Amino acid sequence: MEQYRSIAIDGPAGAGKSTLARRLAQALGYLYVDTGAIYRTVALAALRAGLDPADEAGVVPLLEGLDIQMGYGPDGVQHMCLGQEDVSEAIREHQVSGAASKVSAIPAVRAFLLEYQRGLSCAHDIVMDGRDIGTVVLPQADVKIFLTAAPEARARRRLLELEQKGQPASFASILQDIQERDRQDETRAVAPLKRAEDAVLLDTTRLNLEESLAALLAIVKERIPQ
Ligand code: DC
């Protein structure tokens with residue numbers, strides 16, 4: 001049986017995981033899987049069903065009939081579909097971020113998504129990013145990276161991103177959101193955000209995108225002979 005390579009990238013919101021993981025996957029010719037987008041799609045479905053995303057008794061029955069599909073554009077960008085609808089943009093809305101953090105604390109939601117995520121690693125070389133990839137989803141990953149940056153640096157990047165989209169926001173409120181999401185993700189009972197013991201720590205506070213990518217590639221090349 002063919003053995004596929006896997007690279008797990010975990011870290012808090014806004015550390016640059018998605019952009020860097022996608023670029024890394026492109027550079028290596030691997031499939032990129034943004035697991036946060038999958039949690040976000042579940043959260044959007046819960047919101048659209050009028051449910052409180054923190055309400056386990058309400059959310060769990062929804063999982064059974066959930067039609068979530070993942071696909072890729074020609075540019076390698078991951079798209080999420082809910083039923084027939086491409087929800088890739090809708091899941092990035094502010095309200096969905098908070099809801100995703102809440103649904104992801106429900107054990108049945110995590111169990112539901114676990115096998116799906118593991119299945120992907122059996123069929124492709126992958127770069128997978130999330131919160132629990134190195135600790136729970138792919139504990140045997142060839143390379144594990146814990147990507148982080150100071151909360152202020154993450155808030156500044158997010159502010160810039162929103163400004164570029166023509167959606168100005170306040171630095172203070174973004175920072176507060178980031179700190180609240182860190183707290184929720186780090187303190188939940190199941191699969192909390194934490195660095196795997198064997199993960200390499202990469203702090204991007206003082207690195208730009210290209211420098212961060214070069215650092216990631218160096219870590220991978222040391223561990224996976226090309
Ligand atoms: O990376 P993101 O901001 O798109 O993730 C959205 C939420 O989903 C985040 O608050 C935590 C949760 N999540 C998770 O619990 N486990 C993952 N593997 C990925 C995301």
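Just so we're clear, the structure is a prediction, and the values are computed from it rather than from any experiment. Both ligands and their constituent atoms are indexed starting at 1 by order of listing. In what follows, residues are counted from 1 in the order of the sequence shown.
Looking only at heavy atoms of the protein, atom 8 (O) of ligand 1 is closest to Tyr39 CB, 3.6 Å. Here the heavy atom of the protein found nearest to atom 12 (C) of ligand 1 is Ser104 OG, 3.5 Å. Atom 7 (C) of ligand 1 has Ala100 CB, 3.7 Å as its closest protein atom, hydrogens excluded (heavy atom only). Looking only at heavy atoms of the protein, atom 3 (O) of ligand 1 is closest to Arg181 NH1, 2.9 Å. Protein heavy atom nearest atom 16 (N) of ligand 1, with residue, atom name and distance: Arg110 NH2, 3.0 Å. Nearest to atom 19 (C) of ligand 1 among the protein's heavy atoms is Thr35 OG1, 3.3 Å.
Checked for salt-bridge contact, Arg154 and Asp182 meet the test: a charged N lies under 4.0 Å from a carboxylate O. Salt bridge status for Arg92 with Glu161: absent, with no side-chain N to carboxylate O gap under 4.0 Å. In summary, Arg110 and Asp132 engage in a salt bridge, as defined by a charged side-chain N under 4.0 Å from a carboxylate O.
When Val96, Ile178, Asp132, Val109 are ranked by how near their heavy atoms come to atom 18 (N) of ligand 1, first place goes to Asp132. With distances taken over non-hydrogen atoms, the option nearest atom 1 (O) of ligand 1 out of Arg131, Arg40, Lys17 is Arg131. When Ser18, Ala13, Gly36 are checked for heavy-atom proximity to atom 5 (O) of ligand 1, Gly36 turns out nearest.
Judged by distance alone, with hydrogens and angles left aside, the side-chain atoms of Gln176 form no donor-acceptor pair with the main-chain N or O of Ala172 at under 3.5 Å. Asp34 contributes no side-chain N or O that, together with a main-chain N or O of Ser18, makes up a donor-acceptor pair within less than 3.5 Å.
Ser170 and Ser173 are linked by a side-chain donor-acceptor pair at a separation below 3.5 angstrom, with hydrogens and angles left out of the test. Arg131 and Tyr39 share no donor-acceptor pair across their side chains, judged by distance under 3.5 Å alone. A donor-acceptor contact closer than 3.5 angstrom links the side chains of Gln69 and Asp67.
Taking every heavy atom of both residues into account, Gly14 and Arg157 meet most closely at O-NH1, 4.0 Å.
Near Ser101, meaning under 4.0 Å from one of its heavy atoms, ligand 1 places the atoms 10 (O). The atoms of ligand 1 that sit less than 4.0 Å from any heavy atom of Asp185 are 9 (C), 10 (O), 11 (C). Residue contact check: Gly130 has heavy atoms under 4.0 Å from atoms 17 (C), 18 (N), 19 (C) of ligand 1.
Test Thr204, Leu147, Val127 against Lys17 for side chain to side chain contact (heavy atoms under 4.5 Å, CB included) and you get one pass: Leu147.
Residue-to-ligand polar distances keep Gln117 apart from ligand 1: every N/O pair is separated by 3.5 Å or more.
Under 4.0 Å from ligand 1, the heavy atoms of Arg188 that appear belong solely to its side chain. The residue Gln184 has no part lying near ligand 1, judged by heavy-atom distances below 4.0 Å.
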